[in-house]
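What follows is one structure encoded as structure tokens, with my remarks underneath.
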Amino acid sequence: MSKGITKRAENYSQWYNDIVVKADLAENSGVRGSMVIKPYGYAIWEKIQAQLDFMFKETGHENAYFPLFIPKSYFAKEASHVDGFAKECAVVTHYRLKNTENGDIVVDETAKLEEELVVRPTSETIIWSTYKKWIQSYRDLPILINQWANVVRWEMRTRLFLRTSEFLWQEGHTAHSTAQEAIAETKQMLEVYAEFAEKWMAMPVIKGSKSESERFAGALDTLSIEAMMQDGKALQAGTSHFLGQNFAKAFDVKFTNQDGKEEFVWATSWGVSTRLMGALIMAHSDDYGLVLPPKLAPVQLVIIPIFKNEEELSIIKENVNEITQKLKKLNISFKFDSRDTHRPGHKFAEYELKGVPVRLAIGMRDIENGTIELARRDTLEKKIYKIEGIDQIIMKLMPEIQENIYNKAFTFRAENTHKADTYEEFKNIIENKSGFVYAHWDGTPETEALIQEETKATIRNIPFDLPDEEGVCMITGKPSKRRVLFAKAY
RNA sequence: CGGGGCGUAGCGCAGCCCGGUUAGCGCAUCUGCUUUGGGAGCAGAGGGUCGCAGGUUCGAAUCCUGCCGCCCCGACCA
């Protein structure tokens with residue numbers, strides 16, 4: 001078993017933490033609640049970014065950048081938005097430090113800002129105060145903008161990637177001339193997220209809309225994708241909001257329509273964050289470490305030479321060169337680890353820990369036989385192949401691994417998804433089995449709150465892809481037209 | 001904000017209760033030799049304001065007081 005990784009079954013959250021740290025993805029920093037994303041972890045994030053960015057551009061969006069600091073007065077304009085975020089805002093009040101006589105550095109009280117600046121927890125307010133200047137006519141619409149940025153939400157309890165005070169994300173902010181168009185945009189971006197989660201992260205998700213109480217502060221409707229982690233808990237992996245005209249009204253953003261009449265602009269916003277890293281880790285990894293889908297692995301394949309001396313290494317190198325040249329043509333990223341400071345076994349364990357999808361090992365024995373050993377990270381299978389044609393095998397293997405990882409996660413979710421018709425049944429599942437539970441709910445926040453209080457489970461979303469089904473609320477017995485998705489959540 | 005725990009070498013910890021040689025162990029690091037198909041072995045070496053400040057004492061990592069920081073559990077939140 002891997003050195004120093006707590007077993008998943010033993011202590012799930014410790015297992016998660018161990019993987020993040022031991023696989024060199026991130027570590028806690030000296031700053032409370034803020035992490036350092038290490039090169040290997042950042043490389044995965046860059047892959048996530050690159051693909052999402054491509055998908056945003058494909059759907060007509062452009063990138064821009066808005067300020068980190070938001071004047072308090074802007075922030076205060078949309079009432080429910082303030083309610084939602086006020087309790088977790090970092091605020092800049094001064095702009096200068098000074099030295100005291102005994103050499104300490106203190107805030108210079110004479111350098112107080114006229115107006116405090118809120119460090120953005122999200123950018124709706126600064127963006128809509130800007131859009132006001134950009135929009136006069138229906139001809140200026142739609143505006144389809146995304147920004148890659150950091151945001152700060154002062155969290156009381158933090159966990160690497162899943163919840164940190166500062167995190168990286170992207171936030172799309174669009175402006176439209178009609179409600180229908182904005183609603184379509186909200187749905188479209190949720191589809192983009194779902195496709196990314198399933199095709200790239202190999203993580204099946206449930207698309208749906210949030211209940212009123214889980215809605216984004218300032219939105220009329222919030223859509224989400226929800227994924228199941230290996231402990232059966234749900235993780236919200238992306239959200240897309242239909243903001244109606246709330247921000248347009250708050251910032252007085254109007255346009256003249258084709259009939260010459262003034263109207264408020266319709267808005268959406270949508271985002272995913274470095275939390276996806278947490279989802280990726282918890283969806284697939286095992287007791288040996290990280291398991292990465294090939295499409296997001298910074299290194300898709302590692303080659304480990306087994307050699308006793310320089311001479312053997314150079315013979316192996318020659319053979320490996322032929323393989324790597326073909327891999328380059330196939331666009332497969334690889335690493336040849338010829339360090340003589342670590343022995344092969346050490347390297348095997350290290351790359352397993354780091355989740356590299358495929359490993360090749362080649363020594364003198366192989367060269368004599370014209371063979372090479374191939375090991376899959378997802379199944380931990382090892383097989384000997386002829387060197388000849390190994391590139392073709394690898395090319396076919398990558399999508400197979402991607403698919404297998406997805407299928408594993410899909411099967412796991414299916415096995416841990418239940419239906420409950422009575423509250424007794426429901427409580428039993430949540431307490432003893434965990435996982436997702438589909439149940440009828442009367443649609444009221446009161447019932448939702450009661451369930452949360454008694455079981456800790458919340459409505460993750462009201463799934464789109466679920467058939468209508470007449471039933472009665474498991475608490476109140478009132479009629480319900482469809483089931484909703486309950487789970488304990490991150 | 002409430003409850004609990006911890007602060008001693010880069011990391012993980014012991015020592016503290018019951019004060020007394022030169023503060024110790026594992027991992028990691030460095031050097032040398034032997035090794036190399038699943039986290040190498042042996043020999044040697046380097047590395048410490050014992051969280052900070054004050055007090056008690058002939059003497060404090062150890063006892064007392066205050067402060068600071070971090071972690072875990074809960075409440076809050078996505």
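Labels below follow one simple rule: chain letters A, B, ... track the order of the sequence lines, proteins then strands, and each chain is numbered from 1. This one's a predicted model, so the numbers in the text were calculated from it and none came from an experiment.
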From C-beta outward on [X], which listed nucleotide comes closest to its side chain: [options]?
X	options	result
A:Ala361	B:rC77, B:rG37, B:rG38	B:rG37
A:Glu88	B:rA78, B:rG37, B:rC77	B:rC77
A:Arg275	B:rG38, B:rC77, B:rA78	B:rA78
A:Lys87	B:rC76, B:rG37, B:rG38	B:rC76
A:Arg365	B:rG38, B:rG37, B:rA78	B:rG37
A:Glu350	B:rG37, B:rC77, B:rG39	B:rG39
A:Arg163	B:rG37, B:rC77, B:rG38	B:rC77
A:Ile306	B:rG38, B:rG37, B:rA78	B:rG37

Does NZ belonging to A:Lys187 count more than 12 external heavy atoms closer than 6.0 Å?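 At most 12 heavy atoms, drawn from other residues, nucleotides or ligands, come within 6.0 Å of this atom.
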Heavy-atom count around A:Glu212 CD within 6.0 Å, excluding the residue itself: above 12? no
For a quick check under 3.5 Å, do A:Glu191 and A:Gln188 share a side-chain donor-acceptor pair by atom type? no
Please write out the pairs of protein N or O atoms and N or O atoms of nucleotides 69-72 of chain B separated by less than 3.5 Å, giving the distance to one decimal.
none

Has the side chain of A:Arg120 got a donor or acceptor atom that lies under 3.5 Å from a matching backbone atom of A:Asn150?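 Indeed, once roles are kept as given, a pair shorter than 3.5 Å links the two residues.
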Is there a donor-acceptor pair closer than 3.5 Å between any side-chain N or O of A:His284 and the backbone N or O of A:Met201? yes
Counting Watson-Crick and G-U wobble pairs only, both distances under 3.5 Å, name the nucleotide matched with [N], or none.
N	value
B:rA9	none
B:rG19	none
B:rC1	B:rG74
B:rA40	B:rU34
B:rC63	B:rG55
B:rA45	B:rU29
B:rA14	none

Examine B:rA75: is either OP1 or OP2 under 4.0 Å from a nitrogen or oxygen in the side chain of A:Lys456? Give yes or no. yes
Span that lies between the [atom1] atom of [M] and that of [N], in whole angstrom:
N	M	atom1	answer
B:rG47	B:rG39	C1'	25 Å
B:rG51	B:rA60	C1'	16 Å
B:rC25	B:rA45	P	12 Å

Parallel, tilted or perpendicular: which describes the rings of A:Phe75 and A:His81, with under 30° parallel and over 60° perpendicular? tilted
In terms of the angle between their ring planes, are A:Phe247 and A:Phe251 parallel, tilted or perpendicular, with boundaries placed at 30° and 60°? parallel
Rounded interatomic separation in angstrom, taking [atom1] from [X] and [atom2] from [N]:
X	N	atom1	atom2	result
A:Glu155	B:rC1	CD	P	17 Å
A:Arg339	B:rG39	CZ	P	15 Å
A:Ile304	B:rU36	CD1	P	17 Å
A:Ile316	B:rU36	CD1	C1'	11 Å
A:Asp18	B:rG12	CG	P	12 Å

Within 45° of the ring axis of A:Phe348 and under 6.0 Å from its six-membered ring centre, is that where the NZ or CZ of A:Arg359 lies?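 Yes.
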Do the numbers put A:Lys207 on top of the ring of A:Phe464, so that NZ or CZ is under 6.0 Å from the six-membered ring centre and no more than 45° off the axis? no
Heavy atoms under 4.0 Å, any strand shown: does A:Asn309 hit a base, just sugar-phosphate, or nothing? nothing
Remember a base hit wins even if backbone is also touched, and classify A:Glu214 as base, sugar-phosphate or nothing at under 4.0 Å, heavy atoms.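 Result for A:Glu214 = nothing.
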Taking only residues two or more places apart in sequence, or in another chain, which ones meet A:Lys433 in a side-chain hydrogen bond (donor to acceptor under 3.5 Å, both in side chains)?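 For A:Lys433, no residue satisfies side-chain hydrogen bond (donor to acceptor under 3.5 Å, both in side chains) once neighbours in sequence are set aside.
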5' priority, RNA chain B, between A:Ser13 and A:Ala489 [closest heavy atom]: A:Ser13
Does this structure show an ion pair linking A:Lys77 with A:Glu124, if we count only N-O contacts that are shorter than 4.0 Å? no
What protein N or O atoms touch nucleotides 40-45 of chain B N or O atoms at under 3.5 angstrom, if any, and at what distances?
{"from": "B:rA40", "atom 1": "OP2", "to": "A:Arg343", "atom 2": "NH1", "distance (Å)": "3.3"}
{"from": "B:rA40", "atom 1": "O4'", "to": "A:Arg343", "atom 2": "NH1", "distance (Å)": "2.3"}
{"from": "B:rA40", "atom 1": "N9", "to": "A:Arg343", "atom 2": "NH1", "distance (Å)": "3.2"}

Would you say the base of B:rG37 and the side-chain of A:Lys347 have a donor-acceptor pair closer than 3.5 Å? no
